[in-house]
Structure formats: C-alpha cells, structure tokens
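Inspection log for the structure reproduced underneath, given as structure tokens.
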Number of protein chains: 2
Amino acid sequence: MIRSHPMPSDADERDLCAERLREALSRIDGRWKLAILAHLFESGSQRFSKLERAIPQASQKMLTQHLRELERDGLVSRTVYPQVPPRVEYRLTERGNALKSVFAALDQWNA
Amino acid sequence: MIRSHPMPSDADERDLCAERLREALSRIDGRWKLAILAHLFESGSQRFSKLERAIPQASQKMLTQHLRELERDGLVSRTVYPQVPPRVEYRLTERGNALKSVFAALDQWNA
DNA sequence: CTGAATCCGCACGGATACTG
DNA sequence: CAGTATCCGTGCGGATTCAG
C-alpha cells in the first residue's frame, strides 16, 4: 500500500529545513534591506525621507519596495500620520528586533 | 583643512557593517547552496554524483557553479582522486562548519 | 513628502549538448 | 564520473517620470 501520509524520511527533513532557512534568508535578501534594518536598529524609527537621505545610493523605488516587503514579512511596521505634507514612520517590530541575534552570529562567523 | 584620513563617522561604521553582512550573506546565497551545505553537514563528505542524486532539482551546471563558489569562499574543500573514472569529494571546511551557529540562530528566529 | 508607474539592462538560474 | 559550453527566459534592481 502507498501511504497518503508517508513518514518523513531524514532526507525530507533535511531538505525541508534547507527550504525553511532559504525562506528566512529571502526575507532579508534585497540590495538595501540590511542597510535599512541597520538604520532602524540604530535610530528606532525613521521617516521615509530620512531613510532616503541616509541611503542615497538606493533609488526611491527600491526603498519603497524593500520597505513594503519588510512590512509584509512582519519585520517593520509602517505608520502613516494623516497630515499635509504626508508623514510616514517606519520602525522595527519585535520580530525585526529579534534579528539582532542572527546578525550577531553572522558577524561573528564573518570575523 | 580636509583630512586625507577622516575619522569614520557612526554612519560610515554602520553602513560598512551592513555591507560586510551583505557580503557574508552573499556567500550562502544561491538557489541550491543551502541544500548542498545541509547534505555536507549531515554526511561530512560527498562525491559529486551523490550530491547530484541527492538534489535532483538542481541542474548539473548550478551544482558545479555553486560548489565552485563555496570552494572559492572557503566553505567547502574539493578533493580530486586521480583515477578513472574520476572521483571528486566535497567536504566542509572549518569555516563551513562554523556556519552551524549562524543557521541555528536563523532557525530559532524563524520558529 | 511619499509614493506609483514605466522602461530597460543585466545577472541568475534552467535546459540541453558535448568532453576527458 | 565529473564536469564544460552554449543559449535563453525571467526577475531584480536602476533611472526617470507622474501623482495625491
């Protein structure tokens, strides 16, 4: 008989683990995401124009796009203050802050 | 007077740090690198054909290419046994093994 | 001020065929 | 067995323009 829910083999476990890690990495993958996160780590919260001036090499499009992805993945929160001119603040979520330990491990490995 | 070797500002430090982290990440970035590393973590050492069968979704080209990059970056060592048919073994270097702590941190964050 | 929309080039990865 | 070599499609990121 062929099981509809076969026992996961060691190979399956390993491959799934690699896949999950890749998924995790994909959330911080992007030309300017680390730079964005670094600025938010340091300042707690930044409005859009500040980030723009802080990372001048990044185009407006990429900044917006990366911020949207970071927001979608729950690493960054976006707050719009209803006023003119518009004002939007980005800050790290708890999950975003939890990345510190990952970066610490990575930095240590890198040294 | 304009210094030829200006003191690095906090901003410079941060940006450089982000750059270094990105460089570190780039070494494990690649569609199949994590899968390769996972197999090597588990088995210690694998020959090319074994990896090929273990990761059938990856094309031969990508497997070779990623292995070359992992070797160039000092994560994996490549040993050729001069015989016919040829036999090549890949194994993790110390630096490659040291990635375990990074993956552990990443996995914990991911949970 | 904070975006959205569009066009474009290039690098990455996939498919296939060939080689020592 | 363990690769090269080649072609090709897609997606990411950059530059520019428009909008609320």
Side-chain angles (χ1 to χ4, degrees), chain A residues 15 18-19 21-40 43 45-73 75-91, chain B residues 15 18-19 21-40 43 45-73 75-91:
Chain A
D15 291 345
E19 262 316 299
L21 284 179
R22 258 188 62 79
E23 209 182 314
L25 282 177
S26 77
R27 300 201 180 96
I28 55 175
D29 184 33
R31 183 71 186 84
W32 306 105
K33 281 188 187 174
L34 285 185
I36 294 172
L37 292 173
H39 279 275
L40 292 181
S43 56
S45 139
Q46 290 275 28
R47 50 189 302 182
F48 188 81
S49 54
K50 201 90 180 288
L51 284 173
E52 236 183 329
R53 263 171 281 123
I55 317 174
Q57 305 96 330
S59 69
Q60 205 175 34
K61 168 193 170 182
M62 291 319 296
L63 216 49
T64 306
Q65 180 176 311
H66 285 159
L67 283 167
R68 287 294 135 83
E69 291 171 8
L70 290 170
E71 188 194 3
R72 175 193 43 131
D73 295 336
L75 306 190
V76 160
S77 72
R78 179 171 179 267
T79 311
V80 183
Y81 296 88
Q83 59 186 43
V84 248
R87 176 180 161 207
V88 178
E89 291 248 353
Y90 295 93
R91 73 181 61 231
Chain B
D15 291 346
E19 262 318 298
L21 284 179
R22 257 189 63 78
E23 208 183 314
L25 283 177
S26 77
R27 300 202 179 97
I28 54 175
D29 184 33
R31 184 69 186 85
W32 306 106
K33 281 187 186 174
L34 285 185
I36 293 173
L37 292 173
H39 279 274
L40 292 181
S43 56
S45 141
Q46 288 277 26
R47 50 190 302 183
F48 188 80
S49 54
K50 202 90 181 288
L51 284 173
E52 237 183 328
R53 262 172 281 122
I55 318 174
Q57 306 95 330
S59 69
Q60 204 175 33
K61 168 193 170 182
M62 291 318 296
L63 216 49
T64 305
Q65 181 176 309
H66 284 159
L67 283 168
R68 288 292 136 83
E69 292 171 7
L70 290 170
E71 188 193 4
R72 174 192 45 125
D73 294 336
L75 306 190
V76 160
S77 73
R78 179 172 179 266
T79 310
V80 182
Y81 295 90
Q83 58 186 42
V84 250
R87 178 180 161 207
V88 178
E89 291 249 350
Y90 294 93
R91 76 181 59 232

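Both backbone and side-chain heavy atoms feed into the values below; hydrogens, waters and symmetry mates do not. From a predicted model like this one, the values you see are computed outputs, not experimental measurements. A note on names: the letters A, B, ... follow the listed sequences, proteins ahead of strands, and every chain is numbered from 1.
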[atom1] of [X] versus [atom2] of [N]: gap in Å, rounded?
X       : N      : atom1 : atom2 : answer
B/Glu71 : D/dA2  : CD    : C1'   : 14 Å
A/Glu52 : C/dG3  : CD    : C1'   : 9 Å
B/Gln65 : D/dC7  : CD    : C1'   : 15 Å
A/Asp29 : D/dC12 : CG    : P     : 10 Å
A/Gln83 : C/dG3  : CD    : P     : 13 Å
B/Lys50 : D/dC1  : NZ    : P     : 13 Å
A/Arg87 : C/dG3  : CZ    : P     : 13 Å
A/Ile55 : D/dG14 : CD1   : P     : 12 Å

For DNA chain C, whose closest nucleotide is more 5', that of A/Glu89 or that of B/Gly30?
->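 Mapping each residue to its closest nucleotide by heavy atoms, the 5'-most match is A/Glu89.
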Can you list the steps and then say if B/Leu25 with A/Leu25 is a side-chain contact (heavy atoms from CB on, under 4.5 Å)?
-> CA-CA 8 Å; B/Leu25 283 177; A/Leu25 282 177; 3.8 Å; yes
So, is A/Arg47 close to the C/dT2 phosphate, meaning a side-chain N or O under 4.0 Å from OP1 or OP2?
->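 Checking A/Arg47 against C/dT2: at least one side-chain N or O falls below 4.0 Å of OP1 or OP2.
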Give a yes/no on whether any side-chain N or O of A/Arg68 is located under 4.0 angstrom from OP1 or OP2 of C/dG3.
-> yes
Under the salt bridge (charged side-chain N to carboxylate O under 4.0 Å, His left out) criterion, do B/Glu69 and B/Lys33 qualify, and how do the steps go?
-> CA-CA 9 Å; B/Glu69 292 171 7; B/Lys33 281 187 186 174; 2.8 Å; yes
Side chain of B/Val88: nearest nucleotide among C/dT2, C/dG13, D/dG3?
->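 Looking only at side-chain atoms, B/Val88 lies closest to D/dG3.
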Go through C/dC1, C/dG3, D/dG3 for me and flag the one nearest to the A/Ser49 side chain.
->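 Given the options C/dC1, C/dG3, D/dG3, the side chain of A/Ser49 is closest to C/dC1.
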Quick one: label A/Tyr90 by what it contacts on the DNA or RNA (base, sugar-phosphate, nothing), any heavy atom closer than 4.0 Å.
-> sugar-phosphate
Would you please say whether a donor-acceptor pair under 3.5 Å links the side chains of A/Ser43 and A/Gln46?
-> yes
Using a strict 4.0 Å threshold on nitrogen-to-oxygen distance, state whether B/Glu71 and B/Arg27 make a salt bridge.
->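 No, B/Glu71 and B/Arg27 are not salt-bridged.
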If you measure from the Lys or Arg side-chain nitrogens to the Asp or Glu carboxylate oxygens, is any gap between B/Arg87 and B/Glu89 under 4.0 Å?
->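 Judged by the 4.0 Å cut-off on N to carboxylate O distance, B/Arg87 and B/Glu89 do form a salt bridge.
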If the sugar-phosphate is the primed atoms plus P, OP1 and OP2 and the base is the rest, what is the B/S/- string for nucleotides 14-20 of chain C, using protein heavy atoms under 4.0 Å?
-> BB----B
Enter the distance from B/Thr79:OG1 to B/Arg47:CZ here, rounded to the nearest 0.5 Å.
->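 Between atom OG1 of B/Thr79 and atom CZ of B/Arg47 there are 12.5 Å.
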Can you tell me how far CG of A/Leu37 sits from NE2 of A/His66, rounded to the nearest 0.5 angstrom?
->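 Reported value, rounded in 0.5 Å steps: 10.5 Å.
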